Structures are given as structure tokens and as C-alpha cells.
2 protein chains.
Amino acid sequence: MAHLTSAEAADLLERFRHYLREHRLPVTQQRDLIAHAIFTAPDHLTAAAVHQRLSGQGKRIGIATVYRTLKLLKECGLAFERHFGDGVSRYEVAWADEHHDHLICVECEKIIEFEDEGIEELQHKVAARKGFKLVRHKLELYGVCKDCQERS
Amino acid sequence: MAHLTSAEAADLLERFRHYLREHRLPVTQQRDLIAHAIFTAPDHLTAAAVHQRLSGQGKRIGIATVYRTLKLLKECGLAFERHFGDGVSRYEVAWADEHHDHLICVECEKIIEFEDEGIEELQHKVAARKGFKLVRHKLELYGVCKDCQERS
DNA sequence: TTAGGTGCAAACGTTTTGCAACTTG
DNA sequence: CAAGTTGCAAAACGTTTGCACCTAA
């Protein structure tokens with residue numbers, strides 16, 4: 001689950017502000033709002049979804065600013081950009097201690113997160129065997145979820 | 001290695017033609033050329049790369065036709081479409097008996113293919129645990145290759 | 001002959017960029 | 001005040017589509 005408590009979200013927001021100050025970049029209302037949206041989202045948001053969500057709250061923010069801020073969040077390591085093959089980028093909070101991969105239903109598009117120690121260990125072994133120093137990985141399992149199996 | 005012998009490439013081309021005839025679709029020069037380009041490529045090609053490669057050979061083929069044919073190759077299972085997170089689709093021959101994942105160097109962008117039985121087995125276990133019937137997966141390991149490690 | 005493919009150019013949806021006006025520090 | 005951000009609209013990007021013409025069977 002990528003859903004953070006509001007205390008955790010607040011902590012991440014503070015870390016983002018700290019990163020900005022450290023780099024002598026202004027902490028603006030827009031940056032706060034966008035970062036907050038990502039930190040409190042229960043799922044993976046597209047830039048358009050972030051924009052809509054803020055518009056719905058009466059905030060007038062340009063889509064360009066959303067992209068610019070998402071890039072900052074990526075750079076400082078507080079958010080990840082994901083691609084699930086439909087040509088749209090999705091963003092999610094990078095929850096420090098948690099590493100998870102994705103299990104995606106090919107019928108209803110539901111996305112479930114999981115972690116597996118064993119797989120991670122084998123990944124490191126494979127990389128080592130090829131002389132690579134592993135820095136990150138992406139694993140997506142596509143299948144039919146229980147609900148969709150029953151439905152058919 | 002995704003590099004096929006010319007006999008293997010010829011065999012795949014014949015399979016493609018067979019698929020087309022079976023579906024009462026014409027076997028055109030363009031389709032032959034594009035399929036051949038994919039089957040003989042040593043690496044993952046973008047649509048633009050296929051187009052360039054053919055243009056370089058003096059063939060005047062529209063980029064739209066390249067996309068249309070790549071879609072056909074995907075549909076008949078002879079090519080896979082891959083996404084490595086830079087917003088561009090890459091295509092590679094689907095070598096029937098081989099299943100491989102990718103190891104990508106984050107510095108020189110070199111792409112190495114690998115297979116690992118152990119990882120695949122664990123993937124099936126994870127999916128089963130969550131009630132999913134696994135149909136396919138995507139695993140990409142990003143790291144620094146031996147050459148780039150030495151270079152720095 | 002005719003179904004369907006082709007190239008072109010225009011349309012598309014997502015992401016980026018140039019710029020004048022505006023905030024932040 | 002100066003540096004850097006913002007919103008807008010326009011551009012850029014990869015990809016798809018509409019259409020008149022052409023090719024395979």
C-alpha cells in the first residue's frame with residue numbers, strides 16, 4: 001500500500017521544502033500543493049490527474065507547473081515516475097523504506113503492489129553475474145485478478 | 001542475444017507471410033521489408049530507426065506504414081513492443097523459445113538480455129499468492145556495467 | 001476487379017519550452 | 001530588489017488517422 005498517514009505525508013513535504021531551500025529554490029504554494037497531492041494519493045497519479053485534483057479544489061495551477069514540480073520530486077528522490085506501457089507517465093511517492101513492484105490486471109487494470117525478498121536477491125545475483133552494479137529495477141507482473149477470473 | 005541467423009530470419013519472414021495470407025491480407029513489399037528489418041536487427045529498434053534503416057537503403061516507406069506493420073507483427077506474436085521509460089516504443093523479434101529480460105546500463109545505455117528460471121518461478125508464486133493468473137511479465141534491471149565502472 | 005495498403009499531411013495526446021508577469025527570499 | 005517561478009499558449013514529440021491513389025491477388 002502506498003497510502004501514507006497524514007503525519008508521514010507532512011514529513012515528506014518538509015523534506016521537499018528542505019531540499020528546495022538547500023538548493024536555493026523558492027518554496028512556492030504550487031510546489032507545496034503538487035507535492036502534497038502526490039504524497040497523499042492512494043495510487044499512481046498521472047500529471048493530468050494531479051492537475052484535475054487541484055483544479056477540483058479550486059486551485060488554478062498550470063499543467064506545465066505540475067510537470068516541472070514532478071520533475072523536481074523525481075530529482076530529489078521523493079517520487080518515482082512509472083510507465084505501464086500506455087504512453088502516460090504515472091507518479092507515486094517514494095516511500096523510503098519500502099520497495100515494491102507491481103501486479104497489474106490485464107482486464108480491469110487494477111494495480112496491486114507487492115514486495116518479494118527472494119526475487120530481489122536473485123536480481124542482484126543475475127546483475128553480478130553480468131558484471132553490473134545494480135542501482136534499481138522495475139518488475140511488473142501482468143495477469144488476470146481473482147475477480148476477473150470469476151467474472152468470466 | 002536476439003541476433004538471428006539469416007536462415008532463422010527467413011523462416012520468421014515466411015511465418016509472417018503465412019499469417020497474412022491466412023487472414024487474407026496482402027503480402028506487400030513494405031511489409032516484407034519492415035519485418036525483415038526487425039528480424040535481422042541485433043537490438044531493439046524504434047519505429048523511427050526502422051524507417052531510417054530502410055530509407056538508408058533507398059526504400060521510400062512512410063513512417064505510418066512502419067507503425068501499421070509493427071502493429072501487425074505484434075498481433076501475430078512475431079515481435080514484442082518494449083518500453084524502457086524514455087517515452088519511445090522499441091520493437092524486437094519474438095524468438096519463439098526464448099524468454100528473456102533486460103539489464104540496462106544507466107550510463108552507456110547498453111542493453112543486455114538475460115534469463116533466470118529462479119526469478120520466473122518466484123514470480124509465479126507471488127502472483128498465485130495474490131490470486132492472479134500470470135500471463136506475462138516485464139523485468140528490467142538498471143545498473144552500471146563493468147566498462148562504465150572501470151571508466152570512472 | 002476489388003479489397004486493402006500506401007504515402008502524405010493533418011490530427012492526436014502527452015510533455016516541454018518561450019515569454020511576460022509575478023512571487024519568494 | 002533580483003533570481004527564479006508561474007500560467008499561458010505555442011512547440012515538440014511519438015504515434016494515429018483520413019484520404020486520394022496505388023498494388024496484390
Side-chain angles (χ1 to χ4, degrees), chain A residues 13-14 16-38 44-55 57-76 79-91, chain B residues 13-14 16-38 44-55 57-76 79-91:
Chain A
L13 190 55
E14 202 40 63
F16 183 44
R17 290 191 182 127
H18 182 256
Y19 170 87
L20 293 172
R21 283 186 214 109
E22 212 169 35
H23 291 249
R24 257 131 246 153
L25 299 173
V27 174
T28 64
Q29 287 184 47
Q30 289 91 332
R31 285 176 175 166
D32 263 15
L33 287 165
I34 294 162
H36 184 260
I38 289 294
H44 312 75
L45 296 179
T46 60
V50 170
H51 185 247
Q52 269 175 247
R53 179 181 275 232
L54 295 175
S55 298
Q57 291 166 24
K59 316 293 184 187
R60 198 176 280 67
I61 291 188
I63 188 75
T65 300
V66 173
Y67 278 105
R68 288 187 277 234
T69 302
L70 290 173
K71 185 180 279 183
L72 278 174
L73 285 166
K74 258 194 313 186
E75 281 166 17
C76 69
F80 289 130
E81 183 178 350
R82 310 250 173 229
H83 296 97
F84 295 125
D86 59 354
V88 196
S89 298
R90 284 158 209 280
Y91 300 82
Chain B
L13 190 54
E14 201 39 65
F16 183 43
R17 290 193 183 125
H18 181 256
Y19 171 87
L20 292 173
R21 284 187 214 108
E22 212 169 34
H23 291 249
R24 259 131 244 153
L25 299 174
V27 174
T28 63
Q29 288 184 46
Q30 290 89 332
R31 285 175 175 168
D32 262 17
L33 286 166
I34 294 162
H36 184 260
I38 289 293
H44 312 75
L45 296 180
T46 61
V50 171
H51 185 248
Q52 269 174 247
R53 178 181 276 231
L54 295 175
S55 299
Q57 291 166 23
K59 318 292 185 188
R60 198 175 280 67
I61 291 188
I63 188 76
T65 299
V66 173
Y67 278 106
R68 288 187 277 234
T69 303
L70 289 173
K71 186 181 278 183
L72 277 174
L73 285 166
K74 258 193 314 185
E75 280 166 17
C76 69
F80 289 130
E81 184 178 349
R82 310 250 175 229
H83 297 97
F84 295 125
D86 58 355
V88 196
S89 297
R90 283 158 209 279
Y91 300 82

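Nothing here was measured: the structure is a model prediction, and the numbers come from that model. Proteins come first, then strands; the chains are lettered A, B, ... in the order of their sequence lines, and each starts at number 1.
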Participant: When you check the phosphate oxygens OP1 and OP2 of dT15(C), does a side-chain N or O of Tyr67(A) lie under 4.0 Å from one of them?
Facilitator: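 Tyr67(A) to dT15(C) OP1/OP2: side-chain N or O found under 4.0 Å.
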Participant: I want to check one thing: is the phosphate of dT23(C), taken as OP1 and OP2, less than 4.0 Å away from some side-chain N or O of Gln30(A)?
Facilitator: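 Answer no for this pair, as no side-chain N or O of Gln30(A) is under 4.0 Å from OP1 or OP2.
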Participant: Knowing that exactly one of Tyr91(A), Phe80(A), Phe84(A) qualifies, which makes a ring pair (Phe, Tyr, Trp, His ring centres under 6.0 Å) with His44(A)?
Facilitator: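 Going through Tyr91(A), Phe80(A), Phe84(A) one by one, the ring pair (Phe, Tyr, Trp, His ring centres under 6.0 Å) with His44(A) is satisfied by Phe84(A) alone.
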Participant: Do Arg90(A) and Asp86(A) have side chains that get closer than 4.5 Å, going by heavy atoms?
Facilitator: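 Counting from C-beta outward, Arg90(A) and Asp86(A) do come under 4.5 Å.
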Participant: Is Thr65(A) close enough to dT5(D) that one of its side-chain N or O atoms is under 4.0 Å from OP1 or OP2 there?
Facilitator: no
Participant: Reckon Ser89(A) has a side-chain N or O less than 4.0 Å from the OP1 or OP2 of dT15(C)?
Facilitator: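 Yes, such a contact exists.
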Participant: I'd like to know if the side chain of Arg31(B) reaches the main chain of Pro26(B), judged simply by a donor and an acceptor atom lying under 3.5 Å from each other, with no hydrogens or angles considered.
Facilitator: yes
Participant: Grab the CG-P distance between Leu72(A) and dT15(C) for me, whole Å please.
Facilitator: 16 Å
Participant: Could you pick out which residue, Tyr91(B) or Thr28(B), lies toward the 5' side of DNA chain D when each is mapped onto its nearest nucleotide?
Facilitator: Tyr91(B)
Participant: Does a side-chain N or O from Arg68(B) land closer than 4.0 Å to OP1 or OP2 of dT6(C), or not?
Facilitator: no
Participant: Give the nucleotide from the list dT15(C), dT17(C), dG14(D) with an atom nearest to the side chain of Ala64(A).
Facilitator: dT17(C)
Participant: Does the side chain of His51(B) come within less than 4.5 Å of Thr65(B)'s, by heavy atoms?
Facilitator: no
Participant: Could you tell me how far apart Glu22(A) (CD) and dG25(C) (C1') are, to the nearest whole angstrom?
Facilitator: 17 Å
Participant: Could you check how far NE2 of His23(B) sits from C1' of dA24(D), rounded to whole Å?
Facilitator: 18 Å
Participant: Does Arg24(A) make a side-chain N or O approach to OP1 or OP2 of dG4(D) shorter than 4.0 Å?
Facilitator: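 The answer is no; no side-chain N or O of Arg24(A) sits under 4.0 Å from OP1 or OP2.
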Participant: Over how many whole Å does the gap from Ile63(A) atom CD1 to dA10(D) atom C1' extend?
Facilitator: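 It works out to 16 Å between those atoms.
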Participant: Find the distance between CZ (Arg53(B)) and OG1 (Thr46(B)) and round it off to the nearest 0.5 Å.
Facilitator: 10.5 Å
Participant: Whole angstrom is fine here: how far is it from CG in Leu20(A) over to C1' in dT6(D)?
Facilitator: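 My rounded result for the distance is 15 Å.
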Participant: Both Arg60(A) and Glu81(B) contact DNA chain D. Taking the nearest nucleotide for each, which residue is further toward the 5' end?
Facilitator: Arg60(A)
Participant: Looking only at the side chain of Leu25(B) (C-beta and beyond, no hydrogens), which of the listed nucleotides dC8(D), dC8(C), dG5(C) gets closest?
Facilitator: dG5(C)
Participant: In whole angstroms, how far is the C1' atom of dC22(C) from the CD1 atom of Ile61(A)?
Facilitator: 15 Å
Participant: In whole Å, what is the span from the NZ atom of Lys59(A) to the C1' atom of dT6(D)?
Facilitator: 16 Å
Participant: To the nearest Å, give me how far apart CZ (Arg17(A)) and P (dG25(C)) are.
Facilitator: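 It works out to 10 Å between those atoms.
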